[in-house]
Protein chains: 2
Amino acid sequence: MDEQLQIDMDEFLPLRDVVFNTLRRAILTGQLKPGERLMEVHLANKLGVSRTPIREAIRKLELEGLVIMIPRRGAEVARITEKSLKDVLEVRRALDALSVELACDRITEEDMKRLLQACQDFEKAAKGKDASVIAKADVALHDIIVEATGNQRLAQLVNNLSEQMYRYRFVYIKEESKHDMLVAEHREIYESIASRDKERAARAAKLHIDNQEKSIIRQIRLENESRLNKQP
Amino acid sequence: MDEQLQIDMDEFLPLRDVVFNTLRRAILTGQLKPGERLMEVHLANKLGVSRTPIREAIRKLELEGLVIMIPRRGAEVARITEKSLKDVLEVRRALDALSVELACDRITEEDMKRLLQACQDFEKAAKGKDASVIAKADVALHDIIVEATGNQRLAQLVNNLSEQMYRYRFVYIKEESKHDMLVAEHREIYESIASRDKERAARAAKLHIDNQEKSIIRQIRLENESRLNKQP
DNA sequence: TTGGTGTATAATGTATACAAAAAGCAACAG
DNA sequence: CTGTTGCTTTTTGTATACATTATACACCAA
């Protein structure tokens, strides 16, 4: 944890929630690395609060699976294995398919227009080089779809699962050779929702995940290899 | 909260986890009713611990969606609406289908035997009248399937979603006229996994959920009506 | 009677104090 | 030189104290 954890005082929330969001973002962006210990007094000093809000935030991170508790030793950032990521993606594949299927049934004309706009925004972003702009456009597009399902629980779960892979988002976004493919995949999803073709939409959503999975798994293997080479 | 919350000291866990399990069970069994406030000092006295473990347990229940937090007012047991239950079931439908599909691919011969046994146990239980025995047999059967997927994340999510409906489990189990149908549905699921027929298994799992949904929604409407009649 | 205001009370939000256990380290014995 | 024992330090687990805010109830005025 070299960089400073910066607390976001903008929001007017109980400290535990501020701490929760802060730690969560730090973990998801890789600022707090897998295996790193979360020591309460240390974090408390760093964030300028007492141990109580820190502990309550850790309890929530624990249930989310972002940290694991070792009894009488404290919390550490959950290690991501290839298996755990495959598990997450397997579930996401099903839920993303469900999302587009439901969207076919329930999306409003208004949201359909927003989806088209988001698609075009993504194409524009993909032509540029700024990965974070592309990532934002990607999130915006997918958000419209899950919200169009009208199922809040589904939206919450999909968002949560997506965030588990936040650290690897840039992996497939940075492969510029794949940009055309991403654009095409999004367009296919849009087209199939527009034509209310559930089966085609589900196929497209699954393919989209499968391709991301390939990029991410490749990246993880690379990281593991270099890690193994460093400490044999 | 008329009955006594009884703490389970069997397990050797941090108090927060003991409290978490205790409160969780109380909510899921309906001992703590929707809308009921969870007051920290009260619970602390009741369970003979301080407020700290109570608060940490509530943070986890909050993330699970079993309680909702009202700022500066505290926690209350989440109210279940027809919409929220439909949302949960919609997701479960997809995840249960995924579970049986994965089970088709991955279940071992050993687990297949256990599944057959669980099926037979359920049939035996269904002949009796003890709802809690039937419920246990039902859970055991489904547990074997989700564990056979080898996907821990999926297992965790399915369990969590199932528990959201724990309070209504007895609704469809108590309808004795439906017992034969439940047995037949389980058998169909077993058969399709045995023949590794993913499509058929998915259909069977979805039908199983759909039928439960009907019973539960009917029950909720009944409860709502009687509630509305009482306080007009 | 009704509406509003003020105070008292009770609950949460946060901080801190204390206890117990684990980890690291040093010293000593073999 | 190595292994073990015991002490010290650090960290978690739990309890409690203090601050702040919301709620309820009573009282007063219109």
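Letters A, B, ... mirror the listed sequences (proteins, then strands); counts begin at 1.
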Chemist: Tell me which of A/Pro71 and B/Met39 sits closer to the 5' end of DNA chain C, going by the nucleotide each one is nearest to.
Modeler: B/Met39

Chemist: Report the distance from atom CD1 of A/Ile70 to atom C1' of D/dG13, rounded to the nearest whole Å.
Modeler: 16 Å

Chemist: Measure from CD1 on B/Ile58 to C1' on C/dT12 and round the result to the nearest Å.
Modeler: 10 Å

Chemist: With distance as the sole test, does A/Asn160 use its side chain to make a donor-acceptor pair with the main-chain N or O of A/Gln156 at under 3.5 Å?
Modeler: no

Chemist: Taking 4.0 Å as the cut-off, does a side-chain nitrogen or oxygen of B/Arg16 come that near to OP1 or OP2 on D/dG13?
Modeler: yes

Chemist: Taking A/Lys60 as the fixed residue, which of B/Glu64, B/Glu56, B/Glu62 is the one that meets the salt bridge (charged side-chain N to carboxylate O under 4.0 Å, His left out) rule?
Modeler: B/Glu62

Chemist: Can you work out whether B/Glu56 or B/Arg37 has the more 5'-proximal nearest nucleotide on DNA chain D?
Modeler: B/Glu56

Chemist: Rounded to whole Å, how long is the line connecting atom CG of B/Leu15 with atom P of D/dT12?
Modeler: 17 Å

Chemist: List the steps and the verdict of side-chain hydrogen bond (donor to acceptor under 3.5 Å, both in side chains) for A/Thr149 and A/Asn151.
Modeler: CA-CA 5 Å; A/Thr149 65; A/Asn151 186 329; 5.7 Å; no

Chemist: Report yes if the side chains of A/Arg55 and B/Arg16 come closer than 4.5 Å at any heavy-atom pair, otherwise no.
Modeler: yes

Chemist: Please check the phosphate of D/dT14 (OP1 and OP2 only) for any side-chain N or O of B/Ser50 closer than 4.0 Å.
Modeler: no

Chemist: Provide, to the nearest angstrom, the distance between the CE atom belonging to A/Met69 and the P atom belonging to C/dA22.
Modeler: 14 Å

Chemist: Compare the minimum distances between each of C/dA22, D/dA15, C/dA15 and the side chain of A/Arg72, then state the nucleotide with the smallest one.
Modeler: C/dA22

Chemist: Of the candidate nucleotides C/dA15, D/dC18, D/dG13, which contains the atom at the shortest distance from the side chain of A/Arg51?
Modeler: D/dG13

Chemist: Could you tell me the separation between the CD atom of B/Glu40 and the P atom of D/dA17, rounded to a whole number of Å?
Modeler: 16 Å

Chemist: Could you tell me how far apart B/Arg55 (CZ) and C/dT12 (C1') are, to the nearest whole angstrom?
Modeler: 6 Å

Chemist: Expressed as a whole number of angstroms, how long is the span from B/Glu76:CD to C/dA11:P?
Modeler: 15 Å

Chemist: Calculate the interatomic distance between B/Phe20 atom CZ and D/dG13 atom C1'; express it in whole Å.
Modeler: 18 Å

Chemist: Taking atom types as they are modelled, is there a donor-acceptor pair under 3.5 Å from the base of C/dG13 to the side chain of B/Arg73?
Modeler: no

Chemist: Give the C-alpha distance, both sets of side-chain angles, the deciding distance and a yes or no for side-chain hydrogen bond (donor to acceptor under 3.5 Å, both in side chains) between B/His186 and B/Asp138.
Modeler: CA-CA 9 Å; B/His186 283 162; B/Asp138 186 58; 3.0 Å; yes

